[in-house]
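Notes to accompany the following structure.
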Number of protein chains: 2
Amino acid sequence: MALHRRVADEMKSAVAEGVYAVGSSLPSESELAQRYGVSRGTIRQAFALLVAEGVVASRQGARRVVVADTRTQSFGQLHSFSLWARSIGAVPSGRVVRLERRPATAVEVGQLELSAGDLVFFLTRLRLLDDLPVMIERTAYPDRIGELITATAAESGSLTDQIEAHGFVFAQAEHVIDAVAATAEDARLLEVGRRAPLLRARRRTRDPSGLVLESSEDRYAADAVAFLVHNSAEVNTMSRFTSS
Amino acid sequence: MALHRRVADEMKSAVAEGVYAVGSSLPSESELAQRYGVSRGTIRQAFALLVAEGVVASRQGARRVVVADTRTQSFGQLHSFSLWARSIGAVPSGRVVRLERRPATAVEVGQLELSAGDLVFFLTRLRLLDDLPVMIERTAYPDRIGELITATAAESGSLTDQIEAHGFVFAQAEHVIDAVAATAEDARLLEVGRRAPLLRARRRTRDPSGLVLESSEDRYAADAVAFLVHNSAEVNTMSRFTSS
DNA sequence: GAGTGGTCTAGACCACTTG
DNA sequence: AAGTGGTCTAGACCACTCT
């Protein structure tokens, strides 16, 4: 583990434990550098992480201030339904609705950055927390990933684990988030009314070299889940689009 | 403007202009350092911005790769409806539904980090793009901000401009995004059906020192707007919550 | 083995706040 | 005026990719 990552984690723990209260000031960079026995640059790297996560506010000339003790979820927890479920103390499960291997549609060719005629695995799963239906996941995998997928694995739990076990690394993702009305199938599976509001997240995940590993459309029952996003003037990872 | 910011902007322009195609590799850090006449550290600062915005993928040992030419919106565009509207070539307008000054509710005291009994300005506005209703904005301002707000300013355009003109700086924000069904008032104002799905973004904005400047609940017509969020294993600004 | 990005250090100067 | 964070430099070593 990198030094700056370790420092950041320790600072975050200290905030969570109340050593530094929300609203209070933090020690200066030079003091922390001395305390941890690292250079000022390493302390700054650590703070860059905390600022991005919205834990700390920074302004020139003044000490940094704690603004929240939000323990941001790891990228892994955001990516894997199973991991996330366990982290909040719920029991995740999945029910395979459809699993097929077929030529990619034009849209999928674009999404997965394939060539025309390439095969994809397409999986529709209902995801449950403590046996309550929460989300419908419709995911397209390029063939090289898809061939790792079996119906039994999809039923029992985490495909993410399965895929990572074969050496694929999920490194970055983009999410397009909007609201839609439930279709007949959505309503039946999620046990909500027809046309009920659903939170939709269309996700595309890449490995460290930028190759697309999956493209998914997730639909959450409206009262089940929300997303929290933090952004700042320095680093902004969020934008707003007209979808029409 | 900081050197690394300038380098990042130039790289982004180069990608947008096709100098570096999506999918292709970028020059090495040392080559860019020489070309721009800066140190390697500055080039790395520039790339940190581009990686956070999802323009570039990075992995140890290999050259960086261009993964998208998404021109991420600035923090300002994300924050100001007026600025955003103009940036996409639409004409923004606003209609004040309610504007009141009153003691903060318990929830608002928490949201705005006030003390019990403090006053807030509460503004409900319908926002339109090219005269089409798109969003309802219900915003609470602490008194020191709210006293800058007049009904005429709220009608004519950007309160953000108004507030910034008085020296307040919007530095960071957190957004909780989910889906809700339209209430009777929502439906009437947005001209959608009762119980139509709406995309809801609850936003809290802070100044550089961490003070809360506003707390807002925005409801978008489902087919009007979507949010795009980019995240990565290194820096993750997004998380998923059970809202129940 | 050469090249590249990831990490860390030490030091310098500046802009800003008031610890 | 002192302290603090923001920026930039130069150099070092390591882990990893690539051919």
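Quick note on labels: first sequence line is chain A, next is B, and so on, each numbered from 1.
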Considering only NZ, NE, NH1 and NH2 on the basic side and carboxylate oxygens on the acidic side, decide whether A:Arg200 and A:Asp218 come within less than 4.0 Å.
no
Donor-acceptor pairs under 3.5 angstrom involving side-chain atoms of residues 15-25 of chain B: please list them, not counting sequence neighbours.
residue: B:Tyr20; atom: OH; partner: B:Arg35; partner atom: NH1; Å: 3.1
residue: B:Ser24; atom: OG; partner: B:Ala21; partner atom: N; Å: 3.2
residue: B:Ser24; atom: OG; partner: B:Ala21; partner atom: O; Å: 2.6

Tightest non-hydrogen contact, residues A:Arg63 and A:Pro27, listed as NH1-CA, 3.7 Å
Categorize A:Ser25 for me: base, sugar-phosphate, or nothing, with a 4.0 angstrom heavy-atom threshold over every strand shown.
nothing
From the list B:Leu159, B:Val120, B:Leu213, side-chain contact (heavy atoms from CB on, under 4.5 Å) partner of B:Tyr141 resolves to B:Leu159
In 5'-to-3' order, the base (B), backbone-only (S) or no-contact (-) status of each nucleotide in nucleotides 6-15 of chain C, using a 4.0 angstrom heavy-atom cut-off, is BBSB--B--B
note: B:Arg63, atom CZ; D:dC16, atom C1'; distance rounded to Å ~ 15 Å
B:Tyr220 meets the side chain to side chain donor-acceptor pair (under 3.5 Å) criterion, sequence neighbours left out, with A:Arg240
